[in-house]
Peer 1: 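Below you'll find the structure I mean.
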Number of protein chains: 2
Amino acid sequence: MQASGAEGAWLKQSDRDRAVRLLWEPPAEPTRGPKAALSQSRVVEAAMKVADAEGVEALTMRRVAETLGFTTMSLYRHVPGKSELLDLMVDAAWGETACVPKGPWREGLEFYARQMWQMYRAHPWILQLPHSRRTPGPRTMASFDAALAVVSELGLTAEEMVAVVTAVGHFVDGVGRTMADRVKAERETGMTEEAWWDGQDALWAHFTPERLPMMTHIWTTGGFERPLDEFEFGLARVLDGLAVFIESEDRPLVRRETCL
Amino acid sequence: MQASGAEGAWLKQSDRDRAVRLLWEPPAEPTRGPKAALSQSRVVEAAMKVADAEGVEALTMRRVAETLGFTTMSLYRHVPGKSELLDLMVDAAWGETACVPKGPWREGLEFYARQMWQMYRAHPWILQLPHSRRTPGPRTMASFDAALAVVSELGLTAEEMVAVVTAVGHFVDGVGRTMADRVKAERETGMTEEAWWDGQDALWAHFTPERLPMMTHIWTTGGFERPLDEFEFGLARVLDGLAVFIESEDRPLVRRETCL
DNA sequence: TACACCCAGTGTACGACGTAAGCAGTTAAG
DNA sequence: CTTAACTGCTTACGTCGTACACTGGGTGTA
């Protein structure tokens with residue numbers, strides 16, 4: 001059955017526990033039966049290579065099997081399904097990041113952001129996958145834990161520590177996503193970002209000063225020609241903002257009320 | 001043909017121009033032939049309703065046609081294909097946002113962020129769509145233009161103006177994405193976020209103090225029970241950080257070098 | 001009035017996808 | 001040896017987007 005829609009997709013407890021076991025408990029080798037030519041780690045590795053090179057949309061079970069030289073269904077002997085394969089891939093990617101070392105909070109959070117950024121650049125497909133409620137793996141959690149540690153001695157409440165680290169994460173997620181989209185578009189069209197927009201004359205014709213005054217002004221003053229580095233610029237601003245918060249005397253408490 | 005993979009997906013110039021015309025030039029009514037019972041705007045409207053209620057994964061041409069009471073293929077008389085339908089949906093969503101009014105930069109950017117946030121909450125599927133290099137529509141650009149205007153009198157360079165506005169956008173994108181994932185997960189599982197995590201005993205069993213010291217510490221001190229509002233908290237930090245930048249004497253210039 | 005287009009909506013069909021079910025061959029435990 | 005466990009393969013089903021060919025209704029020109 002295809003990944004199911006609104007109704008009927010209710011995960012059973014057994015499914016959830018299986019996902020947890022898959023990620024947190026290394027599989028025991030079977031004693032009987034023929035030696036497996038394939039293995040879970042080889043499947044995960046091959047899947048990551050496909051996703052890196054060709055994008056999520058090319059990541060099909062058939063494609064992964066093909067690169068390994070096996071049939072599609074042989075993969076299911078080593079991985080319960082595509083969803084769980086993605087879980088494993090994400091945790092493997094986090095495993096490539098270094099955990100934040102102890103030290104001053106600002107350097108630590110910057111390190112965390114740069115590690116995330118580097119991971120996203122190596123594996124942009126992560127940002128095109130559903131993120132929330134994916135069963136977190138041990139290596140994912142280890143990274144997060146180390147980032148929390150670096151803000152643990154600042155006199156913040158527990159909630160504030162979580163909020164500070166996730167604020168950095170959200171920013172990197174945001175920049176990462178547009179970066180990932182760009183990478184995807186360049187692969188699909190075979191054109192660089194510049195070349196693409198240069199060919200959009202039909203679009204530019206609609207950018208008139210009456211309709212889009214600022215856009216045309218910035219355009220004519222060359223503001224789009226040499227854009228600032230979005231990651232570097234934004235990261236510095238976010239850390240500045242967190243510094244204001246961390247170093248302030250009385251911190252405002254912002255409780256979650258309306259937010260889902 | 002299916003949406004094609006790595007090779008062979010090279011958009012022709014004619015395709016691009018068609019997408020531009022679709023978004024920027026309202027279609028002229030045909031003089032001959034039978035009156036159309038369906039229309040482009042009705043298709044877009046129905047598609048948005050489906051995506052709002054059932055998520056992107058339920059947004060199929062068949063499903064949209066069904067809600068309209070027409071056959072699947074009838075949609076193709078009004079919309080060139082699914083990709084272009086998505087273009088139209090995104091621009092329609094931006095059209096629901098109010099443009100930033102003139103005024104002080106901080107209030108203006110906060111307004112911009114809240115408008116984006118509100119749009120994402122109403123239409124979370126936008127964040128699950130590829131974003132970059134989607135042909136921008138007139139209403140999308142109008143919002144961006146108005147946001148640029150609010151930072152135009154601060155003595156920033158053109159590049160800096162763009163960087164400031166997109167930094168806010170990236171943050172909202174990041175938070176929005178995790179919000180969208182949560183909404184999707186709640187719809188698919190029929191469980192609230194809390195209920196979901198409460199049932200993850202098999203997972204918590206692996207959260208030992210040796211392995212994840214900070215996580216367990218925050219867990220025991222209740223730091224995950226009443227999380228701060230991620231949007232409100234992060235937005236305040238980002239604006240604080242931008243204030244530091246905007247009000248500083250000599251601004252560092254961060255050129256894009258390595259970034260894709 | 002005749003008729004040639006044009007255009008709205010339909011029906012069928014194809015090749016992609018994830019994966020369920022069952023089969024054949026291999027190995028170690030009893 | 002028998003048997004149970006295990007690997008990998010084949011076949012098949014129900015999704016998806018959409019190409020293609022059609023029917024019939026409507027308007028412009030001859």
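Letters A, B, ... are given to chains in the order of the sequence lines, protein chains preceding strands, and every chain is numbered from 1. The shown structure was predicted, so the numbers you read here are calculated from the model rather than taken from an experiment.
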Peer 1: To the nearest Å, how far apart are B:Arg63 CZ and D:dT18 C1'?
Peer 2: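 It works out to 19 Å between those atoms.
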Peer 1: Which pair of non-hydrogen atoms, one from A:Thr135 and one from A:Ala19, has the smallest distance, and what is that distance?
Peer 2: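 Closest pair (atom of A:Thr135, atom of A:Ala19, distance): OG1-CB, 3.8 Å.
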Peer 1: Answer with base, sugar-phosphate or nothing: what part of the nucleic acid does B:Leu85 contact at a heavy-atom distance below 4.0 Å?
Peer 2: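 No contact.
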Peer 1: Measure CG/B:Leu68 against C1'/C:dG9 and give the value in whole Å, please.
Peer 2: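 That distance rounds to 13 Å.
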Peer 1: In this structure, how many angstroms lie between the C1' atom of C:dG11 and the CZ atom of B:Arg62, rounded?
Peer 2: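 It is 12 Å, rounded to the nearest whole Å.
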Peer 1: Side chains of A:Glu193 and A:Trp197 only: does a donor on one sit below 3.5 Å from an acceptor on the other?
Peer 2: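 Short answer, yes.
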Peer 1: Nearest-Å distance, CE (B:Met61) to C1' (C:dC14)?
Peer 2: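 Computing the B:Met61:CE to C:dC14:C1' distance gives 17 Å.
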Peer 1: Hey, what are the protein-to-nucleotides 5-10 of chain D N/O distances that come in under 3.5 Å?
Peer 2:
unit_1, atom_1, unit_2, atom_2, d
D:dG8, OP1, A:Ala37, N, 2.6
D:dG8, OP1, A:Leu38, N, 3.0
D:dG8, OP2, A:His78, NE2, 2.6
D:dG8, N7, A:Arg77, NE, 2.7
D:dG8, O6, A:Arg77, NH2, 2.4
D:dC9, OP2, A:Thr71, N, 2.9
D:dC9, OP2, A:Thr71, OG1, 2.7

Peer 1: Hey, could you give me each pair passing ring-ring contact (aromatic ring centres under 6.0 Å, His included) that has a residue in residues 22-68 of chain B? Not counting sequence neighbours.
Peer 2: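 Pairs touching residues 22-68 of chain B that pass the test: A:His206-B:Trp24, A:Phe207-B:Trp24.
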Peer 1: Heavy-atom distance under 4.5 Å between the side chains of B:Arg77 and B:Leu38, does that happen here?
Peer 2: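 No, too far: nothing below the 4.5 Å cut-off.
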Peer 1: Please state how far atom CG in B:Leu86 lies from atom C1' in D:dG17, giving the value in whole angstrom units.
Peer 2: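 Taking CG of B:Leu86 and C1' of D:dG17, I get 12 Å after rounding.
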Peer 1: Students often get this wrong, so: under 4.0 angstrom with heavy atoms, is A:Leu59 touching a base, only sugar-phosphate, or nothing?
Peer 2: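 Since only primed, P, OP1 and OP2 atoms lie under 4.0 Å of A:Leu59, the category is sugar-phosphate.
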Peer 1: For the pair made of CG in A:Leu75 and P in C:dA20, what is the distance, rounded to whole Å?
Peer 2: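 Nearest whole value for this atom pair: 13 Å.
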Peer 1: Using atom CD of B:Glu84 as one end and atom P of D:dG17 as the other, report the distance to the nearest whole Å.
Peer 2: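 About 14 Å, once rounded to whole Å.
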Peer 1: Would you mind reading off the distance between B:Lys82 atom NZ and C:dA16 atom P, rounded to a whole angstrom?
Peer 2: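 Checked: the NZ to P distance equals 19 Å.
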Peer 1: Sub-3.5 Å donor-acceptor pair from the side chain of A:Lys184 to the main-chain atoms of A:Val56, do we have one?
Peer 2: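 Answer holds: no.
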Peer 1: Mind checking side-chain hydrogen bond (donor to acceptor under 3.5 Å, both in side chains) for B:Ser74 and listing every partner two or more places apart, or none if nothing turns up?
Peer 2: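 B:Ser74: no side-chain hydrogen bond (donor to acceptor under 3.5 Å, both in side chains) contacts found.
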